[in-house]
Amino acid sequence: MDAGAADRSRKGGVLVAQLSRLSLNQITTPAWSVGEAAEACVRHSVPCISLWRHKISAFGLKQSVQAVRDAGLHVSSVCRGGMFPAPDAIERRAKIDDNFRAIDEAAALNADVLVFVVGGAVPVGIAAAREMVRDGIAALVPYAEQAGVKLGLEPLHPMFAGDRSVLTTVDEALELAAPYAEDRVGVVLDVFHIWWHPNVLQQIAAASRRTMGFHVSDWPVPLPDNLLGRCMMGDGIIDLRTLRAAVEAAGYSGPIEVEIFNQAIWDEDPDAVLTRTKQRFLELV
């Protein structure tokens, strides 16, 4: 091997090492099926993937398991369980049953964690919704323990309290998780949802023994849309390096998911998006 080839090889090795914790959250490139996303991860040397349940359903659970296995991918999470609040007992029971299925899917995929977006206040009011969330988690924990699945509670920005999550801070998530074993129910930290809090670094430290996931994107100014407004890392104002350093200082060393809800990005060529994702991950995360 000539000197130039050896140098390129060394650089390639470093690049692979630096990407070793990168996980493609499937919502970042939703045009791809599970099979296409798995193949793309191999093509781009991305070692981990997070799968969404509607994509698993469309592709088939057995086929999804086979696709990630054939690709040699680590499944960092399955998105998502939760959405507990409902106005009547029949609907609440149906939601619990759907969460049992989500646990089965996460177990089949050997995912690190099943991510929970717990549901908003709209159907029943915020106080009742919080109680239904608490009851829903309690109903699922024994089943998840038997299946060997960890439940990760993801607090969302308060602007989503009405329709998506009455769980809005890390402290709230830790309180909800507290009755259960640290290795069974924990928290998922998404920078888009937590960066704004004045005590975010203290909250990250407090979550040290329960952190089960870390998601990155960015917050543009102005925010163009609540749900679809997050942007690629570096195109917003979040101090990503500080938050990653805090999460790692607290003991988390698992995959780092890039999770971006943005229609303009979804409309791009997904291979170009994944190329840019890798570049920004290396430069900014």
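Using modelled atom types and a 3.5 Å distance limit, the side chains of Glu259 and Ser50 yield no donor-acceptor pair. Side-chain contact of Asp112 with His74: a donor-acceptor pair under 3.5 Å is present, judged by distance alone. Using modelled atom types, one finds a donor on one side chain and an acceptor on the other under 3.5 Å when comparing His44 with Asp271. Remark: the Asp70 side chain and the Gln66 side chain contain an N/O donor-acceptor pair separated by less than 3.5 Å. With no hydrogens or angles considered, no side-chain donor-acceptor pair links Gln279 and Thr275 at under 3.5 Å.
Scanning all heavy atoms of the two residues, the minimum distance from Val216 to Val191 falls at CA-CG2, 3.6 Å. Of all non-hydrogen atoms in Cys48 and Leu73, the two that sit nearest each other are N-CD2, 4.3 Å. For the residue pair Gly229 and Pro220, the shortest heavy atom distance occurs at O-CG, 3.1 Å. The minimum heavy-atom distance between Ala246 and Leu201, with the atom names listed, is CB-CD2, 3.7 Å. The shortest non-hydrogen separation linking Gly81 to Asn99 is CA-OD1, 3.2 Å.
Between Leu274 and Trp32 the shortest side-chain heavy-atom distance falls below 4.5 Å.
At a threshold of 4.0 Å, the pair Glu268-Arg276 counts as salt-bridged, since one of the basic side-chain nitrogens sits closer than that to a carboxylate oxygen. The pair Lys150-Glu145 fails the salt-bridge criterion, with no side-chain N (NZ, NE, NH1 or NH2) lying under 4.0 Å from an Asp/Glu carboxylate O. Ion pairing between Arg209 and Glu182 holds under the 4.0 Å rule for side-chain N and carboxylate O. Arg101 and Glu105 are not joined by a salt bridge, as no carboxylate oxygen comes within less than 4.0 angstrom of a charged side-chain nitrogen.
With respect to Arg230, the side-chain hydrogen bond (donor to acceptor under 3.5 Å, both in side chains) criterion is satisfied by exactly one of Asp235, Asp190, Thr28: Asp190.
No more than 12 heavy atoms of other residues, nucleotides or ligands lie within 6.0 Å of CD1 in Ile90, so this atom counts as exposed by the packing criterion. The 12-atom threshold is exceeded at CG of Asp163, counting heavy atoms of other residues, nucleotides or ligands nearer than 6.0 Å.
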